[in-house]
Amino acid sequence: MADSTCFKFNFALVSRVASSFCVESSYDLRPGQAVNIDRARREHEELVDALRRVGVDVIELPCDEKQPDGLFVDDIAVVINGTALICNPPSLPNKPSRQGELAVVRQVLRKEIGLKIVEVDTEKATVEGSDVLFTGREIFVGLSTRTNILGAQAVGKAFPEYPTTIIKVNAPAVHLKDYISMAGPEVMAVGKSDAAQKTFQEIRNSGAVGYKYITVDEDEAANVIYANNVLIHLSNEQIPKGSAVYTNKIDYPRVAIHMIEPLKRGGRLSNCVLLVNRVRHPKRIPTTAQ
């Protein structure tokens with residue numbers, strides 16, 4: 001059984017939205033879309049307000065115009081059990097590099113929060129945190145366009161106290177958590193699309209047991225933030241069917257936020273926040289990543 005205190009968080013890292021985000025990104029802008037940067041910043045503030053309401057100390061990183069994707073801070077580190085793995089986003093053709101984002105996140109996690117820092121041990125390993133799903137008792141890592149097998153193995157090495165299973169992420173998702181996220185202790189939210197269900201089936205086939213599953217029609221609805229016994233999800237306007245499911249299935253507090261502009265490039269809600277718990281929860285379970 002998962003330790004529910006794994007979802008108790010002290011801090012949340014977010015990054016303010018850079019003006020350059022509307023011009024360039026490693027994420028592709030959805031066809032026919034344009035980012036309204038002023039509206040994006042207002043919607044991002046709504047997320048920050050929601051995080052404060054659930055009782056975390058929000059650390060806002062200043063935007064860096066040279067790092068348009070800084071908004072998606074969850075891609076940059078994986079924090080579990082008092083340890084932070086600094087990720088290694090891949091270099092994508094004709095896309096801005098994200099390597100400049102690593103130093104500031106590393107510094108905040110080490111110096112301001114006091115976490116143990118672990119680095120990816122080879123440049124050939126690429127990994128982004130949004131491909132890493134921590135359930136409270138095990139880790140699933142998605143193989144995607146952003147995370148390769150060496151990157152997935154780096155996650156297992158960083159957190160040997162938890163079993164780690166590697167899962168293929170089916171297109172068109174960028175990351176594993178585009179399709180599947182934790183909506184509570186032992187509760188997974190899963191998208192209903194064929195690609196989401198195919199990806200989810202790999203998790204089930206891996207022998208994962210003891211979880212409850214909530215299936216939502218919109219894949220965007222499957223990406224949620226669960227922190228301090230509160231579920232944060234997108235607004236009813238954005239996910240009308242998914243919102244109705246959460247209303248019927250979830251009996252703990254929920255916060256629905258309106259966040260359209262920051263996600264027009266295909267990122268997800270949880271991409272925009274890196275949750276941190278300084279408290280260690282000792283476990284001794286060998287990794288299964290190979």
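The shown structure was predicted, so the numbers you read here are calculated from the model rather than taken from an experiment. Quick note: numbers below take in every heavy atom, side chains included, and nothing from hydrogens, waters or symmetry partners.
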Student: T147 and V132: side chain to side chain contact (heavy atoms under 4.5 Å, CB included), yes or no, with the steps?
Tutor: CA-CA 9 Å; T147 298; V132 181; over 6 Å; no
Student: CG/N277 to CG/N10 distance, rounded to the nearest 0.5 angstrom?
Tutor: 4.5 Å
Student: Cluster question for you: counting only ILVMFWY and a side-chain heavy-atom cut-off of under 4.5 Å, with indirect links fine, are V104 and L13 together?
Tutor: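 Yes.
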Student: Taking I86 as the starting point, is it possible to reach V14 by hopping between hydrophobic residues whose side chains are less than 4.5 Å apart?
Tutor: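 No, V14 and I86 fall in different hydrophobic clusters.
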Student: I would like to know whether E161 and N81 meet side chain to side chain donor-acceptor pair (under 3.5 Å); could you show each step before the answer?
Tutor: CA-CA 9 Å; E161 65 269 39; N81 199 25; 2.6 Å; yes
Student: Using modelled atom types and a 3.5 Å cut-off, is there a donor and acceptor pairing between side-chain atoms of E138 and backbone atoms of P163?
Tutor: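 Such a contact is absent between E138 side chain and P163 backbone.
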Student: Would E218 and K192 pass as an ion pair if we require N to O under 4.0 Å?
Tutor: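 No, this pair does not count.
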Student: Honestly, is R146 close enough over Y27, meaning NZ or CZ under 6.0 Å from the six-membered ring centre and within 45° of the axis?
Tutor: yes
Student: Is there a side chain to side chain contact (heavy atoms under 4.5 Å, CB included) between V216 and K241 once you walk through the steps?
Tutor: CA-CA 7 Å; V216 287; K241 294 181 179 179; over 6 Å; no
Student: For K264 and A34, indicate whether the former's side chain and the latter's backbone hold a donor-acceptor pair under 3.5 Å.
Tutor: yes
Student: Measuring only between side-chain heavy atoms, which start at C-beta, is E128 closer than 4.5 Å to H175?
Tutor: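 The answer is yes, as the side chains (C-beta and beyond) meet within the 4.5 Å cut-off.
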Student: For the atom pair CD (E220) and CD (Q238), what is the distance rounded to the nearest 0.5 Å?
Tutor: 8.5 Å
Student: Give a yes or no answer on whether the side chain of D69 reaches the backbone of F72 with a donor-acceptor pair at less than 3.5 Å.
Tutor: no
Student: Would you check if I167 and V141 make a side-chain contact, meaning some heavy-atom pair closer than 4.5 Å?
Tutor: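 Result no, sub-4.5 Å side-chain heavy-atom pair not found.
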Student: Kindly determine whether E202 and N170 satisfy side chain to side chain donor-acceptor pair (under 3.5 Å), including the steps that lead there.
Tutor: CA-CA 10 Å; E202 287 205 32; N170 293 275; 4.7 Å; no
Student: Would you please indicate if the ring centroids of Y179 and F200 are separated by under 6.0 Å?
Tutor: no
Student: Heavy atoms, side chains only, cut-off 4.5 Å: are I37 and V17 in contact?
Tutor: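 Side-chain contact under 4.5 Å: yes.
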Student: More than 12 non-hydrogen atoms from neighbouring residues, nucleotides or ligands closer than 6.0 Å to CG on N248, yes or no?
Tutor: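 Counting neighbours around CG of N248, more than 12 heavy atoms of other residues, nucleotides or ligands fall under 6.0 Å, so yes.
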Student: Are L115 and V78 connected in a single hydrophobic cluster, I mean Ile/Leu/Val/Met/Phe/Trp/Tyr linked by side-chain heavy atoms less than 4.5 Å apart?
Tutor: no
Student: Can you name the one residue among C87, S26, S25 that meets side chain to side chain contact (heavy atoms under 4.5 Å, CB included) with R98?
Tutor: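 Going through C87, S26, S25 one by one, the side chain to side chain contact (heavy atoms under 4.5 Å, CB included) with R98 is satisfied by S26 alone.
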Student: Within the side chain of N228, is there an N or O that forms a donor-acceptor pair under 3.5 Å with the backbone of V230?
Tutor: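 Answer holds: no.
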Student: If only atom types and distance count, is the side chain of E43 paired as donor or acceptor with the main-chain N or O of I260 below 3.5 Å?
Tutor: yes
Student: If two hydrophobic side chains count as joined below 4.5 Å and joins carry through other members, does L176 share a cluster with L92?
Tutor: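 No; tracing contacts between hydrophobic side chains, which count when under 4.5 Å, never links both residues.
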Student: Strictly distance-based, threshold 3.5 Å: is any side-chain N or O of S20 a donor or acceptor partner for the main-chain N or O of E65?
Tutor: yes
Student: Any chain of hydrophobic side-chain contacts (each under 4.5 Å) joining V174 to L269?
Tutor: no
Student: Considering only NZ, NE, NH1 and NH2 on the basic side and carboxylate oxygens on the acidic side, decide whether D121 and K157 come within less than 4.0 Å.
Tutor: yes
Student: Just so I know, are the side chains of D194 and K198 near enough to count as touching, which here means a heavy-atom distance under 4.5 Å?
Tutor: no
Student: Give the minimum heavy-atom separation between F21 and P262, together with the two atoms involved.
Tutor: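 Taking F21 first and P262 second, the nearest heavy atoms are CZ-O, 3.5 Å.
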Student: If you look at every heavy atom in A222 and V190, which pair is closest and at what distance?
Tutor: CB-C, 3.6 Å
Student: Please name the pair of heavy atoms, one in R278 and one in I113, separated by the smallest distance, quoted to 0.1 Å.
Tutor: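 The pair with the smallest heavy-atom distance is CD-O, 2.8 Å.
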Student: Does D28 come within less than 4.0 Å of K95, counting only side-chain N to carboxylate O?
Tutor: yes
Student: Salt bridge between R137 and E186, side-chain N to carboxylate O under 4.0 Å?
Tutor: yes
Student: Are L109 and I117 close enough that some pair of their side-chain heavy atoms sits under 4.5 Å apart?
Tutor: yes
Student: Determine yes or no for a side-chain-to-main-chain donor-acceptor pair under 3.5 angstrom, with S243 supplying the side chain and I239 the backbone.
Tutor: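 Judged by distance alone, no pair lies under 3.5 Å.
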Student: As a quick check of understanding, evaluate salt bridge (charged side-chain N to carboxylate O under 4.0 Å, His left out) for R42 and E261, giving each step before the final call.
Tutor: CA-CA 9 Å; R42 289 195 299 270; E261 298 298 322; over 6 Å; no
Student: Do the charged groups of R52 and E60 touch, with an N to O distance under 4.0 Å?
Tutor: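 Salt bridge flag = yes for E60 with R52.
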Student: Can you measure from CG (L263) to CG (L71) and round to the nearest 0.5 angstrom?
Tutor: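 L263 atom CG to L71 atom CG measures 8.0 Å (nearest 0.5 Å).
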Student: Look at the side chain of T5 and the backbone N and O of K8, then say whether any donor-acceptor pair between them is shorter than 3.5 Å.
Tutor: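 No; zero donor-acceptor contacts below 3.5 Å.
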Student: Can you list the steps and then say if D178 with N223 is a side chain to side chain donor-acceptor pair (under 3.5 Å)?
Tutor: CA-CA 6 Å; D178 290 5; N223 180 266; 5.3 Å; no
Student: Please find the pair of heavy atoms, one from V58 and one from V48, that lie closest to each other, and give the distance.
Tutor: CG1-CG1, 4.0 Å
Student: Quick check with a 6.0 Å cut-off and a 45 degree axis cone: is R254 positioned over the face of Y246's six-membered ring?
Tutor: no
Student: Working note: Y162 + F140, criterion ring-ring contact (aromatic ring centres under 6.0 Å, His included); need CA distance, chi angles, decisive distance, verdict.
Tutor: CA-CA 10 Å; Y162 293 101; F140 295 98; over 10 Å; no
Student: How long is the straight-line distance from CD1 of I257 back to CG of L47, given to the nearest 0.5 Å?
Tutor: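 With rounding to 0.5 Å, CG (L47) is 4.5 Å from CD1 (I257).
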Student: Closest approach of G242 and A221, non-hydrogen atoms and distance?
Tutor: CA-CB, 4.0 Å
Student: Give me the atom names and distance for the closest heavy-atom approach of S19 to C22.
Tutor: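 Scanning both residues completely, I find the closest heavy atoms to be O-SG, 3.1 Å.
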Student: For residues Y211 and T135, determine if any side-chain heavy atom of one lies less than 4.5 Å from a side-chain heavy atom of the other.
Tutor: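 Of all side-chain heavy-atom pairs linking T135 with Y211, at least one is under 4.5 Å.
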Student: Determine whether S193 and D219 satisfy the following criterion, side chain to side chain donor-acceptor pair (under 3.5 Å), listing intermediate values before the conclusion.
Tutor: CA-CA 7 Å; S193 71; D219 284 349; 2.7 Å; yes
Student: Looking at P89, is its backbone amide N or carbonyl O close enough to the side chain of Q99 to form a donor-acceptor pair, meaning the two atoms are under 3.5 Å apart?
Tutor: yes
Student: A side-chain contact here means heavy atoms from C-beta on lying under 4.5 Å apart; do D74 and V273 qualify?
Tutor: no
Student: Nearest 0.5 Å please: distance from the CZ atom of R204 over to the OH atom of Y213.
Tutor: 5.0 Å
Student: From L231 CG over to I225 CD1, what is the distance, rounded to the nearest 0.5 angstrom?
Tutor: 9.0 Å
Student: Do the ring planes of F9 and F7 sit parallel (below 30°), tilted (30 to 60°) or perpendicular (above 60°)?
Tutor: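 Aromatic pair F9/F7 classed perpendicular.
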Student: Give a yes or no on whether the backbone of A256 and the side-chain of S235 come within a donor-acceptor separation of less than 3.5 Å.
Tutor: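 Here the side-chain-to-backbone pair does not exist.
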Student: Before you tell me yes or no, could you show the steps for V73 and E101 under side chain to side chain contact (heavy atoms under 4.5 Å, CB included), namely the whole-Å CA-CA distance, both residues' side-chain angles and the distance that decides it to 0.1 Å?
Tutor: CA-CA 8 Å; V73 68; E101 299 175 45; over 6 Å; no
Student: Are L274 and I76 close enough that some pair of their side-chain heavy atoms sits under 4.5 Å apart?
Tutor: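 Not touching, per the 4.5 Å side-chain cut-off.
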